[in-house]
Structure formats: structure tokens, C-alpha cells
Undergrad: 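Here's a structure for you.
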Amino acid sequence: MRKPIIVGNWKMNLTHLEAIALVQKLSYRLESDVYDLCEVVVCPPFTSLRSVQTTIDSDKMKIDLGAQNVNENDKGAFTGEISAGMLKKLNCNYVLVGHSERRQHCGETNEETAKKVKAVRKLEMTPILCVGETKEQRENGDTTSVVENQVREGLSAIPKGDIENCVIAYEPVWAIGAGTPATIEQANEMIFHIRGVLNSLNSGTGDETRVIYGASVDPGNSKSFLSQDGIDGLLVGGASLDADDFSRLVLSAIK
Ligand code: PGA
């Protein structure tokens, strides 16, 4: 049984005070039965993780906490970096790995995403491995091979039996922040392809692993994506920064 998951990626937005206000408002908007139907995760910037975590814990919220990135090393001389152990101690259950903005702006490679996935799994948190093609790659007909490599290589450092404990997020780069998402057909096609790749890595894994869609998801289209058989959740950027929008997006997706 793959429980749906809706993840808000706040990116480089909100001070810790604004982050507290947002999670409080979001929790207020979501009745407790929502969490029987899906997991709701927020991924604040590192500077807000502690504040959001204490807010979640002290108010006994059912919202889950995620981080947007992690360093693959346990500890040491890596100025400016954050380890999986630090995130675990903050009750993070999820960590985004290989988001396209990190691949694009920080030069993150498939090899690095593999190490990060391994570091996250070592501490039994759930990596959300982000994959997706650029506009140019799609136009060149390279979409399936690019995404296949991102999935294969990103999962190459963990045991095959552990793959189902990861979440794969298909995010076509050309649709992120664009206001226009991929079509349902495009999303279904790639998610079906990803399940095939997962099955080729370990038979049956394609049916066990949650594969989600992200890029320009909003309250008006969340249901059409989440109601697809193969789509187990949503990764949401812009529309997760407003409690009214994000709660409407969650409620319309699951009801
Ligand atoms: P968007 O971002 O919802 O603003 O398109 C999605 C993402 O980057 O995860």
C-alpha cells in the first residue's frame, strides 16, 4: 500500500519567524483526518528547521519535516554543509536529494546524489530523489534516457532491497515554476517509465516505491495528478508558500 505524500519545498524563502507562522496556519487549516489519507511534509530552509520542528512537536502537529539538501559526509571540515546526523536529530523524516536547482546551480551530479541517498538511508530517513529532463533534453528526444540514468545512478549506492524506502519525484525541469505543468499524459508516461526502471533494478520494486510528480502543481490541478493510479504524491514549490493555497491544494487532491 503506497500512502500518498504531498511535499512542500519552500526553497530559499521565509525567515524562521515566517516559517513558524506558515506551519501553524497550515496545521490549523488541515483537519486531522487529512493525515489518514496522505502524508504532508514541509521542507523549510536549514535556518528554519529547528523552529519549525519545535513548533510541530510542541503543538503535536501531524505535519512531517523534511530538509532540502544534505552533505554526504558524516562530519568534518566541510564549511557551510549540513550532515544527515544533524537532520535526523531535528526529527527530519525526509530529505530532498538532487533537486534540479541543485543540479543546475550547484553542479550536483548523479554520483553525488547517490552518495546523499546513501547517507540519508544510513540514518533511516527517506530520500526524495528528484529527477527530470530539461527542455533541451526533451526536445532532443533524450527524456527517457536522462531520467533513467538519474534514477539508476541515484539509487546505485544503496542495497536493492532498500530502494522501496525512497521516494522518486519526477519533475520536468521545463515545467518547474513555469505556471504550466506537464500534461497528465506526459507525467503518466514518465512515471510509468520510472516504475519500469525500478523493476529492472529489483523485481517488484516498481510497485512498492512511491513515485510522485512535481512542477507547477497548484490547487486547481492537484487532484488531476494525484487521482492517477501511478502518481503517489506531489512535490510543490511556489504553491506551498501560502497556507491557504497549500491547504486547498492538499484538500482538493485527496477529497
Ligand atoms: P513549483 O516548484 O511548484 O514552483 O513549480 C516545484 C519544485 O521545484 O519542486
Side-chain angles (χ1 to χ4, degrees), residues 4-14 18-19 22 26 38-46 48-49 52 63-70 92-108 113 116-117 120 126-135 137-138 143 146-147 150-151 154 166-184 186-187 190-191 194 210-226 228 231-254:
I5 176 170
I6 302 181
V7 184
N9 172 13
W10 295 354
K11 306 192 180 183
M12 196 173 74
N13 292 293
L14 310 179
E18 292 165 335
L22 176 53
L26 181 64
C38 76
E39 289 176 44
V40 179
V41 183
V42 294
C43 301
F46 287 137
S48 298
L49 281 175
V52 173
I63 294 172
D64 253 306
L65 191 61
Q68 298 176 16
N69 183 35
V70 66
C92 281
N93 287 327
Y94 293 91
V95 183
L96 298 178
V97 174
H99 189 281
S100 66
E101 286 150 17
R102 295 209 56 82
R103 294 178 191 262
Q104 193 185 339
H105 304 307
C106 308
E108 207 162 290
T113 64
K116 292 182 181 203
V117 166
V120 172
T126 302
I128 302 175
L129 175 64
C130 303
V131 301
E133 79 288 359
T134 62
K135 184 167 181 278
Q137 288 164 336
R138 179 163 279 264
T143 301
V146 165
V147 171
Q150 289 172 335
V151 173
C166 302
V167 174
I168 312 295
Y170 171 60
E171 295 205 298
V173 179
W174 45 272
I176 293 177
T180 311
T183 64
I184 301 290
Q186 287 168 325
M190 286 313 296
I191 284 177
I194 290 168
R210 288 185 291 182
V211 185
I212 69 177
Y213 170 80
S216 293
V217 179
D218 63 28
N221 61 32
S222 60
K223 188 172 183 64
S224 53
F225 285 106
L226 198 64
Q228 303 300 308
I231 302 184
D232 302 320
L234 306 166
L235 179 52
V236 186
S240 71
L241 288 172
D242 179 275
D244 290 327
D245 282 349
F246 196 46
S247 57
R248 277 199 297 130
L249 184 157
V250 171
L251 294 173
S252 60
I254 58 170

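Whatever order the structure lists them in is the order used to number ligands and atoms, beginning at 1.
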Undergrad: Would you name the heavy atoms of Gly132 and Val147 that are closest together and state the gap between them?
TA: CA-CG2, 4.0 Å
Undergrad: To the nearest 0.5 Å, what is the distance between OG on Ser48 and CG on Leu22?
TA: 10.0 Å
Undergrad: Any heavy atom of Ala239 sitting closer than 4.0 Å to ligand 1?
TA: no
Undergrad: Applying side-chain contact (heavy atoms from CB on, under 4.5 Å) between Tyr213 and each of Leu235, Val236, Ile191, report the one that passes.
TA: Ile191
Undergrad: Relative to the heavy atoms of Gly238, which atoms of ligand 1 are at a distance of less than 4.0 Å?
TA: 1 (P), 3 (O), 4 (O)
Undergrad: Quick check: closest heavy atoms across Thr113 and Gly98, and the distance to 0.1 Å?
TA: CG2-CA, 3.6 Å
Undergrad: Looking at CD of Glu101 and CG of Leu96, how far apart are the two atoms once the value is rounded to the nearest 0.5 Å?
TA: 10.0 Å
Undergrad: At a 4.0 Å threshold, what atoms of ligand 1 neighbour a non-hydrogen atom of Ala215?
TA: 5 (O)
Undergrad: Yes or no: does Gly214 have any heavy atom under 4.0 Å from an atom of ligand 1?
TA: no
Undergrad: Find all atoms of ligand 1 within a distance of less than 4.0 Å from any non-hydrogen atom belonging to Leu235, and give their numbers and elements.
TA: 9 (O)
Undergrad: Of the protein's non-hydrogen atoms, which lies at the shortest distance from atom 3 (O) of ligand 1, and what is that distance?
TA: Gly237 N, 2.8 Å
Undergrad: Would you compute the distance between atom CG of Leu226 and atom CG of Asn221 and round it to the nearest 0.5 angstrom?
TA: 11.0 Å
Undergrad: Under 4.0 Å, heavy atoms only, figure out whether ligand 1 is touched by the backbone of Ile176, its side chain, both or neither.
TA: both
Undergrad: Starting from atom 9 (O) of ligand 1, locate the nearest protein heavy atom and write down its residue, its atom name and how far away it is, to 0.1 Å.
TA: Glu171 OE2, 2.7 Å
Undergrad: With heavy-atom distances below 4.0 Å as the criterion, list the atoms of ligand 1 near Asn9.
TA: 9 (O)
Undergrad: Any idea which heavy atoms bring Ser216 and Ala175 closest together, and the distance?
TA: OG-O, 2.6 Å
Undergrad: State the atoms of ligand 1, each with its element, that fall below the 4.0 Å cut-off from a heavy-atom position in Gly177.
TA: 1 (P), 4 (O), 5 (O)
